[in-house]
Amino acid sequence: MEEQLTRILTSCRSHFEEIVAIRRDLHMHPEIGFDVPQTAAIAAAALEELGIRTKTGIGKTGVVGDLEVGGAAKRIALRADMDALPMQEIGPKAYKSKIDGKAHMCGHDVHTAILIGAARVIRELKSALAANIRFIFQPNEESSPPGAAAMIADGVLEGVDEIYGLHVWPLLEAGQYGICPDIALARSDCFEVEIKGQGGHGAEPHLAIDPVLIGCQFVTMLQSIVARNVDPREKAVVSVTQIQGGTAFNIIPDRVRIRGTVRTMSAPILQTIQGRLETMLAGITAAHGATYRLAYEEVAPATYNHKQCVDTVLAVAAQLVGPDNVVFPYPPDLGSEDFAYYSHKVPAGYIQLGCGNQARGIVQMCHHPGFDVDEDCIFHGMALFAALALGV
Ligand SMILES: [Zn+2]
Ligand SMILES: [Zn+2]
């Protein structure tokens, strides 16, 4: 099969420059959420150009392509997310975002370009293909309701036997792949608390019930959950990320709103955290004579890697970059991903694609305003997707 590997790498090399150009174009024109018309049009045109049967408007604005071969034993899906983030890019890149307040700081421009590149390589080597391949370009990975769930509702997993996705990963160098043995990414939850006290004059706090003070105590108490209630050998996060309340410096407001996120890897720890959060909230508000409202919801389940897919990725990745550059078992991350929804429906493999380059200072994590990738990772992403589709 060495010939097959050589053919894949040669084809990836021949398409590399044009795919880098597509990535830079996407990077300069970021789109957000489900509102990704130009990005989806680029993906759809790229598939149609290859003669791949293409559908648009799946999961509101997603694009799906089917490449089919006679007598295929199974169908493999490859997925890229397309959406950018509502944030400002900083730094000197020549291909910086041209749109104020929007930027591809999670690298989904790279994912989209990689899947377009993989489609070109797979189409070129179609005669060696033993499986049907479904190309999935998904909107709205970054916010709720998740684009993955919308695409599943529109039938994107029908007839799919395995699905693979990847994410650029600055903590690994370009030329490395990371793969987690079972859970790849945490379950993500969102909580929203409203603490209702009694408003009053800032100079007469004894006549008020100050929700700002109660809110601050609650935020501090929350930090003891992971520190003192969760087994130190386990992984969990409780973060408060938004606090809102008050209208002026001299008015004690009647309520504050606090929002945050909980990240967990197992059901017992999730239950511990949920229980402690509500107990603390009930206790602290009762102690001060205030009341509360708590809304708690799951944003995304944990992303699960199935053994059969992990084994396939390990074998393929070792062929591509050598076993020393395949980091396994890669530690699961407390970030989350709506790829999780696919992984709960069909056997799935989610790969951390090294995109860092310490020597060139490319080290910033996703969602940092100066995030970037070593574009060599595009080659390795294309090669991995193509090799998973074609086998090596
Ligand atoms: Zn992100
Ligand atoms: Zn992302």
Side-chain angles (χ1 to χ4, degrees), residues 23 26-27 30-36 39-40 43 59 61-62 78-90 97 99 101-116 136-151 163-172 174 177-180 183-190 237 239 241 261 263 299-305 330 332-343 348-356 362-375 377-378 380-381 384-385:
R23 181 260 162 158
L26 292 170
H27 194 91
E31 297 177 304
I32 286 177
F34 284 103
D35 190 19
V36 291
T39 312
T61 49
L78 305 172
R79 171 270 203 175
D81 40 13
M82 299 187 284
D83 54 321
L85 284 161
M87 64 187 286
Q88 197 68 31
E89 181 169 17
I90 61 165
S97 171
I99 300 173
K102 295 184 186 179
H104 267 296
M105 296 293 98
C106 204
H108 300 185
D109 53 333
V110 179
H111 304 166
T112 301
I114 284 172
L115 191 53
I116 291 172
I136 300 173
F137 293 88
Q138 180 211 302
N140 206 38
E141 190 284 317
E142 293 284 1
S143 75
S144 225
M151 294 201 79
I163 186 165
Y164 294 93
L166 51 75
H167 206 293
V168 288
W169 207 250
L171 303 179
L172 292 171
Y177 303 109
I179 180 101
C180 305
I183 290 180
L185 294 164
R187 166 175 161 148
S188 167
D189 294 346
C190 169
V237 171
S239 288
T241 50
T261 187
R263 305 296 171 101
V299 176
T303 296
Y304 190 73
N305 276 345
Y330 194 72
D333 194 81
L334 275 295
S336 79
E337 226 310 340
D338 74 357
F339 186 81
Y341 289 94
Y342 304 115
S343 79
Y350 185 79
I351 301 105
Q352 272 89 359
L353 175 70
C355 70
I362 302 173
V363 293
Q364 304 294 1
M365 196 50 193
C366 307
H367 292 212
H368 185 284
F371 167 80
D372 199 8
V373 303
D374 177 340
E375 286 176 322
C377 76
I378 293 172
H380 297 292
L384 182 68
F385 270 166

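Atoms within each ligand, like the ligands themselves, are counted from 1 in listed order.
- Ring-plane geometry between His27 and His104 is classed as tilted, the angle between the planes lying from 30 to 60 degrees on a 0 to 90 degree scale.
- Using modelled atom types, no side-chain atom of Asp81 and backbone atom of His111 make a donor-acceptor pair closer than 3.5 Å.
- For the Zn ion (ligand 2), protein N, O or S atoms under 2.8 Å: 3 in total.
- Using the six-membered ring where Trp is involved, Trp169 and Tyr330 have ring planes that are perpendicular, over 60° apart on the 30 and 60° scheme.
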Q. When you look at Arg79 and Glu337, which way does the salt bridge (Lys or Arg N to Asp or Glu O under 4.0 Å) test go after all the steps?
A. CA-CA 12 Å; Arg79 171 270 203 175; Glu337 226 310 340; 3.0 Å; yes

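- Classification of the His167-His108 ring pair by plane angle, with boundaries at 30° and 60°, yields perpendicular.
- No other N/O/S atom of His367 lies as close to the Zn ion (ligand 1) as NE2 does.
- Between Thr39 and Thr112, the closest side-chain pair of non-hydrogen atoms falls below 4.5 Å.
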